[in-house]
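Each remark here refers to the structure printed beneath this line.
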Amino acid sequence: MKDVGRHPRIKLMTLSEVEDVSGYVGNFNVKVRRKARYVREADCTACGECATVCPVNKYNEYEVGLATRNAIYIPFPQSIPSSYVINMADCLSKDVITCNKCVEKCQKRCIDFDMRDEIVELKVGAVVVATGMDVYDPTRLDEYGYTRFQNVVTSLELERLINAGGPTGGHLVRPGDTKAPKRIGFIQCVGSRSHNRGNPYCSNICCMVTIKNSLLIKEHYPDTEITVFYIDIRAFGKGFEDLYERSKREGVRYVRGLPEHIEEDPSTGSLRLKVENTTAGCIEEHELDMVVLAVGLEARKDGDKIRHLLSLSQTSDGFLAESHPKLMPVDAPTRGVFLAGCVESPKDIKDSVTQASAAAARAGVILSSDKIKLDAAIAVVDKEKCTFCELCVQVCPYSAISASKQNKIAAHVTEAMCAGCGSCAAECAFGAISLRHFEDAQYMAQIEAALAENPQDTAIVFACNWCSYAAADLTGTSRLQYPPNIRIIRTMCSARVNEKFVMQAFKLGAPVVLVSGCHLADCHYMAANRSTVKRMDRLWSRLERLGIRPERLQLEWMSAAEGQKFARVMAELDERRSKVTPEEIEQTRKALEAADKKKVA
Amino acid sequence: MADEIRIGVFVCECGLNIAGFLDCGEVRRYAEGLENVVVSTVNRYTCADPGQQEIKKKIRELNLNRVVVASCSPRLHEPTFRTCVAEEGLNPYLVDMANIREQCSWVHSTDRKAATEKAKDIVRIAVARARLLKPQKENEIPVTDAVLVIGGGIAGIQASLDLANAEHMVYLVEKQPSIGGVMAQLDKTFPTMDCSI
Ligand SMILES: Cc1cc2nc3c(=O)[nH]c(=O)nc-3n(C[C@H](O)[C@H](O)[C@H](O)COP(=O)(O)OP(=O)(O)OC[C@H]3O[C@@H](n4cnc5c(N)ncnc54)[C@H](O)[C@@H]3O)c2cc1C
Ligand code: SF4
């Protein structure tokens with residue numbers, strides 16, 4: 001931490017937040033608000049005299065409320081920068097009455113109430129997002145009585161209670177009566193692995209946090225009886241199983257089963273719980289002096305701002321989505337942005353550090369080059385044809401397009417921001433915007449070629465390069481078999497599939513058409529496939545209006561790993577294809593031709 | 001005729017991976033009959049050096065301006081063949097691939113006739129696309145050698161130090177009055193059981 005404070009090439013800005021980001025890879029313009037500290041960082045020696053005279057006592061965030069702090073304070077002794085700060089919301093001098101006690105006390109005269117927020121503008125080539133996570137707040141889980149019962153604490157509070165630098169000087173006492181607890185229970189998976197209480201995923205760290213804490217307690221207070229209630233213990237990392245085994249050897253008892261709820265004996269502050277020990281197959285009753293809730297990790301509640309500023313997306317668990325879960329695990333979908341630490345998923349320190357070094361290396365690849373090449377397959381506008389309708393602007397997941405209906409300004413694509421999904425090209429009704437190298441005419445030619453011979457035997461499949469096309473490849477590498485009547489047309493994203501491609505296929509006699517893309521939360525182009533859904537809905541109603549069975553058009557989400565699913569979907573598709581009669585195909589052709597004529601007339 | 005489309009179709013046997021399950025010769029003959037196709041050859045391993053030399057030779061000798069490689073998935077070897085044609089002076093975007101391995105020979109390995117018919121279709125589709133391919137230019141943009149790191153927990157600290165030590169300018173932005181994040185609140189940490197800060 002200290003190295004960061006004194007590194008000549010690191011400009012540290014604390015009490016600061018990113019307010020605005022514009023630009024693109026290699027060339028981001030960033031506005032940062034540096035909030036006033038009211039203490040001159042460079043001059044403060046952290047002597048602490050000021051705090052001794054401050055009359056204010058407030059919730060101490062660092063000690064998670066187990067201690068108080070003054071309005072002028074240093075978050076913790078080793079803070080970087082090593083400087084006090086005034087929380088103006090707490091300070092008495094903000095009102096008419098001026099307290100000024102700290103100013104009078106500070107010999108170095110580094111307190112300055114006239115400091116104001118500052119906006120700093122930066123130019124950077126890459127961004128690393130490392131905003132971390134929230135620790136789950138179990139107040140919501142009334143059954144465990146957290147905040148109602150004083151001796152029910154979270155694992156984070158326990159960290160402070162056993163820390164030599166913490167509010168008790170490292171003496172483990174229970175908050176209710178400051179007595180040393182003799183019987184301690186840990187409840188695992190609090191806020192994790194549950195569909196109705198907290199989050200459905202495993203938080204990854206809390207088993208090890210409990211094992212660690214059980215060992216630390218045993219080290220200092222060997223007589224303490226420790227019981228851990230768990231679903232299963234996940235000690236998967238290097239050296240983790242050793243610690244688990246050691247904890248068991250030290251006498252920590254592991255009981256498989258989670259208690260339903262906790263009761264308090266108000267006279268003693270002790271806690272009672274009943275649990276079904278699923279290994280022994282019996283109900284156990286426990287009386288404990290203190291219960292520690294092994295709380296999980298969750299996505300930051302205030303994370304949306306950064307997410308929107310950088311056009312990032314989130315997975316269904318709320319953490320930030322990476323470009324590819326296996327092959328691009330630290331690249332964000334916006335080029336030039338990288339993810340590190342718990343902002344991407346719950347993880348421990350080692351994994352956070354590993355990912356941070358990976359993100360630094362990936363960012364370094366960009367920063368070390370004078371110039372970077374952009375993929376040529378991006379959107380281009382034919383300004384003559386543009387009617388300023390702004391539809392393309394609305395479907396672009398990267399905010400790469402600007403246009404103005406009001407001022408009649410034609411669409412403009414910022415090339416470096418375009419990732420090439422082609423959703424805009426599929427949306428434009430005037431053919432004014434197209435995707436280089438993946439043009440409408442090329443797709444129409446492919447569809448025509450696919451249906452040139454025996455169209456009645458041909459099923460047309462539009463497959464997204466990143467998921468279903470990859471799944472089709474995997475089907476091959478796994479040597480799974482499916483009917484040979486399938487003709488696959490590759491698109492970079494399912495959102496590239498223009499409605500007219502589908503109609504063209506039906507017009508040329510395709511019995512069935514399938515559009516496939518990545519699972520909704522996994523779109524390679526943020527959420528471009530949401531446009532696919534809208535287009536499919538429009539197509540289905542259009543088919544219905546034309547008297548064409550909507551079942552002949554299918555939408556499937558698939559991941560690159562779902563080769564088996566691909567084979568199955570193809571078999572089912574071919575089954576459906578075989579049921580479409582030549583008469584039906586002929587009827588469709590006529591209906592579509594008639595509709596075309598009507599449009600012309 | 002400067003803008004006459006001249007396509008070469010290179011059918012790959014991929015050892016027996018393709019040739020074992022479909023008739024590459026028949027696919028080649030079929031390809032040669034397609035409009036704008038000037039030549040089609042069968043190669044044992046098109047991605048290997050002799051295969052690539054063959055493509056380059058044909059581009060040179062026959063003035064090809066489009067190349068279709070009927071072999072494996074573009075996800076695997078499109079970059080290979082783009083580089084190959086570029087070395088012969090052809091714009092790399094004038095290549096298309098017909099995926100007759102992952103999406104044909106391997107998935108219809110019990111029906112040689114059907115696989116051969118499908119491979120012909122796949123080649124026909126690729127040729128139809130190749131006719132309309134245009135040369136593309138990859139634009140270059142300059143890079144500012146500085147990085148913004150948002151968040152000063154252990155992850156932000158590590159990323160900042162690595163980047164700064166690699167001679168890049170780092171702006172580390174932290175919301176709180178101190179860096180450190182959650183780790184600064186911890187006592188001892190697993191797996192080493194030592195202090196966190
Ligand atoms: C109780 C408990 C015990 C643990 N024990 C261990 C252990 O023993 N061993 C172990 O390996 N791991 C342990 N962990 C996990 C460890 O804490 C995390 O792996 C680590 O803190 C993740 O670091 P991070 O940098 O990703 O996130 P954080 O530590 O959350 O840091 C994120 C930083 O970003 C800042 N920030 C957030 N938003 C913004 C914004 N918009 N602008 C600017 N700054 C912002 C935050 O203020 C914070 O400083 C424990 C976790 C808990 C909860
Ligand atoms: S790490 Fe352990 S305690 Fe935490 S959610 Fe996963 S299984 Fe439950």
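The chains referred to below are lettered A, B, ... by the order of the sequence lines, with proteins before strands, and numbering in each begins at 1.
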- Item | Which portion of A:Ser368 sits near chain B, non-hydrogen atoms under 4.5 angstrom | both

- Task: Please report the shortest heavy-atom distance between B:Leu186 and A:Asn163, naming the atom on each side.
- Result: O-ND2, 3.3 Å

- Note on the structure: Output for pair (B:Arg129 CZ, A:Ile447 CD1), nearest 0.5 Å, gives 12.0 Å

- Task: Please state whether the side chain, the backbone, both or neither of B:Lys137 comes within less than 4.5 Å of a heavy atom of chain A.
- Result: backbone

- Go through the atoms of B:Met193 and report whether side chain, backbone, both or neither lie under 4.5 Å from a heavy atom of chain A. side chain

- Message: Please find the pair of heavy atoms, one from A:Ala360 and one from B:Leu163, that lie closest to each other, and give the distance.
- Response: O-CD2, 3.3 Å

- Pick from B:Leu148, B:Asp121, B:Leu172 with the largest number of heavy-atom pairs that fall under 4.5 Å of chain A: B:Leu148

- Kindly say whether B:Pro142 contributes a backbone atom to a donor-acceptor pair with the side chain of A:Asn27 at under 3.5 angstrom? yes

- What are the two closest non-hydrogen atoms of A:Ala445 and B:Leu132, and how far apart are they? CB-CD1, 3.7 Å

- Is a side-chain N or O of A:Ser16 found less than 3.5 angstrom from the main chain of B:Glu174, in a donor-acceptor match? no

- Please state whether the side chain, the backbone, both or neither of A:Glu415 comes within less than 4.5 Å of a heavy atom of chain B. side chain

- Task: Inspect the surroundings of CG in B:Asp194 and state if more than 12 heavy atoms from other residues, nucleotides or ligands are less than 6.0 Å away.
- Result: yes

- Message: I'd like to verify something: which residue of B:Ala155, B:Pro177, B:Ala128 has the highest number of heavy-atom pairs under 4.5 Å with chain A?
- Response: B:Pro177

- Message: So for A:Phe28, is it side chain, backbone, both, or neither that comes closer than 4.5 Å to the heavy atoms of chain B?
- Response: neither

- Report the option among B:His168, B:Arg131, B:Glu117 that has the most heavy-atom pairs separated by less than 4.5 Å from atoms of chain A. B:His168

- Message: Is A:Leu339 in contact with chain B via its backbone, its side chain, both, or neither, using a 4.5 Å heavy-atom distance?
- Response: neither

- Message: Please determine whether side-chain contact (heavy atoms from CB on, under 4.5 Å) holds for the pair A:Leu310 and B:Ile150, giving the CA-CA distance in whole Å, both sets of side-chain angles, and the decisive distance to 0.1 Å.
- Response: CA-CA 11 Å; A:Leu310 293 166; B:Ile150 313 176; 4.2 Å; yes

- Is there a donor-acceptor contact under 3.5 Å from the side chain of A:Gln446 to the main chain of B:Val127? no

- Task: Pick out which of B:Leu161, B:Ile157, B:Asn165 makes a side chain to side chain contact (heavy atoms under 4.5 Å, CB included) with A:Asp3.
- Result: B:Leu161

- Message: Applying side-chain contact (heavy atoms from CB on, under 4.5 Å) to A:Leu480 and B:Val107, what does each step give before you reach the verdict?
- Response: CA-CA 6 Å; A:Leu480 298 167; B:Val107 287; 5.7 Å; no

- Query: What part of B:Ser105 lies closer than 4.5 angstrom to a heavy atom of chain A: side chain, backbone, both or neither?
  - Reply: neither

- Query: With only heavy atoms counted, which part of A:His7 is less than 4.5 Å from chain B, the side chain, the backbone, both or neither?
  - Reply: side chain

- Query: Could you go step by step and tell me if B:Gln176 and A:Thr14 meet the side-chain contact (heavy atoms from CB on, under 4.5 Å) rule?
  - Reply: CA-CA 6 Å; B:Gln176 298 296 327; A:Thr14 48; over 6 Å; no

- Interatomic spacing from CZ in B:Phe190 to OG1 in A:Thr210 - rounded to 0.5 Å: 10.0 Å

- Query: Most heavy-atom pairs under 4.5 angstrom with chain A, which of B:Asn139, B:Thr189, B:Thr110, B:Asn17?
  - Reply: B:Asn139

- Report, by ascending residue number, the residues of residues 71-104 of chain B in heavy-atom contact with chain A at a distance under 4.5 Å; give 'none' if the set is empty. B:Ser73, B:Pro74, B:Arg75, B:Glu78, B:Arg82, B:Tyr93, B:Asn99, B:Glu102, B:Gln103

- Grab the two heavy atoms, one from B:Ala184 and one from A:Tyr62, that are nearest each other, plus how far apart they are. O-OH, 2.5 Å

- Please lay out, stage by stage, how B:Lys120 and A:Glu453 fare under the test salt bridge (Lys or Arg N to Asp or Glu O under 4.0 Å). CA-CA 11 Å; B:Lys120 291 195 228 162; A:Glu453 288 170 19; over 6 Å; no

- So which part of A:Leu156 gets closer than 4.5 Å to some heavy atom of chain B, the side chain, the backbone, both or neither? side chain

- Say you draw a straight line from NZ of B:Lys175 to CZ of A:Arg33; how long is it, rounded to the nearest 0.5 Å? 13.5 Å

- Spacing of A:Gln481 atom CD and B:Asp111 atom CG [to the nearest 0.5 Å]: 9.5 Å

- Note on the structure: Given B:Gly151, B:Ala146, B:Pro135, the one with more heavy-atom pairs under 4.5 angstrom with chain A than any other is B:Ala146

- A:Leu367 versus B:Asp145: any side-chain heavy-atom pair under 4.5 Å? yes

- Message: Report which part of A:Arg300 has an atom under 4.5 Å of a heavy atom belonging to chain B: side chain, backbone, both, or neither.
- Response: side chain

- So CD1 of A:Ile486 and CD1 of B:Ile122: to nearest 0.5 Å the spacing works out to 11.0 Å

- For A:Leu122, is it the side chain, the backbone, both, or neither that has a heavy atom closer than 4.5 Å to a heavy atom of chain B? side chain

- Message: Tell me if a side-chain donor or acceptor on B:His108 pairs with a main-chain N or O of A:Tyr482 at a distance below 3.5 Å.
- Response: yes

- Task: For B:Lys134, enumerate each residue passing the salt bridge (charged side-chain N to carboxylate O under 4.0 Å, His left out) test, keeping only those at least two apart in sequence or located in another chain.
- Result: A:Glu439

- Task: Look up atom NZ in B:Lys188 and atom CD in A:Glu159, then write down how far apart they are to the nearest 0.5 Å.
- Result: 10.0 Å

- Item | Residue B:Glu138 versus chain A: region with a heavy atom under 4.5 Å | both

